[in-house]
Amino acid sequence: MTTAAPATSSRDLPHPARDEIRLEAVLHALSEPVRLQIVRELAAVDGDELTCSQFGLPVTKSTTTHHFRVLRESGVIRQIYRGTAKMNGLRRDDLDDLFPGLLDTLLAAAAHQADRAGGRTGG
């Protein structure tokens with residue numbers, strides 16, 4: 001079994017190792033419109049990380065925290081602290097290796113749905 005990330009501080013957040021990421025958990029995480037929006041925004045920055053505050057989400061801070069936790073615990077994103085900022089990055093390499101084509105297909109479908117709905121990202 002591999003580890004997801006080396007320990008760097010006492011503020012490390014738990015992440016599943018690559019071989020622990022389950023398709024069911026990924027699909028569940030991405031089935032919610034706000035979480036899908038987060039993933040779309042992370043995919044758009046192409047490998048860069050964003051702080052939680054850089055997302056303009058239409059939900060409360062506690063709900064935002066919940067959505068990020070679901071994405072992290074399912075293996076879709078990696079969250080690490082840099083100073084006081086919690087940085088978020090898409091685990092694209094892990095997801096592409098485990099489920100080839102899945103992420104690109106879901107992102108394309110979400111973009112198509114948003115176009116059909118006049119830019120709305122909801123379901």
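Keep in mind that the numbers below use all heavy atoms, side chains included, and drop hydrogens, waters and symmetry copies. Here, residue 1 is the first one in the sequence, and each next residue gets the next number.
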How long is the span from the CG atom in Leu71 to the CD atom in Glu32, to the nearest 0.5 Å? 9.0 Å
Heavy-atom closest contact (Leu95 atom, Gly75 atom, distance): CD2-O, 4.0 Å
Assess whether side-chain contact (heavy atoms from CB on, under 4.5 Å) is satisfied between Tyr81 and Asp12, documenting all intermediate values. CA-CA 7 Å; Tyr81 281 100; Asp12 283 344; over 6 Å; no
Indicate yes or no for a side-chain donor-acceptor contact from Gln54 to the backbone of Thr51 under 3.5 Å, with no hydrogens or angles considered. yes
Can you find a pair of side-chain heavy atoms, one from Val34 and one from Thr64, that are under 4.5 Å apart? no
Which residue pairs satisfy the ring-ring contact (aromatic ring centres under 6.0 Å, His included) criterion with at least one member in residues 60-79, sequence neighbours excluded? Phe55-Phe68
I'd like to know if Asp94 and Arg78 make a salt bridge, using a cut-off of under 4.0 Å between side-chain N and carboxylate O. yes
Going hydrophobic residue to hydrophobic residue with side-chain gaps under 4.5 angstrom, can you get from Leu42 over to Ile21? yes
What closest approach, in Å, do Val70 and His28 show between heavy atoms, and which atom pair accounts for it? CG1-CD2, 4.4 Å
Kindly compute the distance separating CG (Leu106) from CD (Gln113), expressed to the nearest 0.5 Å. 11.0 Å
I need the minimum non-hydrogen distance between Ala29 and Ser74, along with the two atoms involved. CB-OG, 3.4 Å
Take atom CG in Asp46; do more than 12 heavy atoms of anything else shown fall under 6.0 Å from it? no
What do the steps show when you test Arg92 against Asp104 for side-chain contact (heavy atoms from CB on, under 4.5 Å), and what is the final call? CA-CA 9 Å; Arg92 180 179 278 281; Asp104 288 334; 2.9 Å; yes
With a cut-off of 3.5 Å and sequence neighbours excluded, list every side-chain donor-acceptor pair involving residues 83-90.
from	atom 1	to	atom 2	distance (Å)
Asn88	OD1	Gln79	NE2	2.7
Asn88	ND2	Leu50	O	3.0

Hey, what do you get for CG (Asp19) to CG (Leu98), rounding to the nearest 0.5 Å? 8.5 Å
Over all atoms of both residues, closest heavy-atom pair of Pro58 and Gln37: CD-OE1, 4.2 Å
Any ion pair linking Asp96 and Arg91 (charged N to carboxylate O, less than 4.0 Å)? no
Do Leu102 and Leu27 touch side chain to side chain, with heavy atoms closer than 4.5 Å? yes
To the nearest 0.5 Å, tell me how far His15 NE2 sits from Ile80 CD1. 8.0 Å
Go through the side-chain N and O atoms of Thr63 and Thr60 and say whether any donor and acceptor fall under 3.5 Å apart. yes
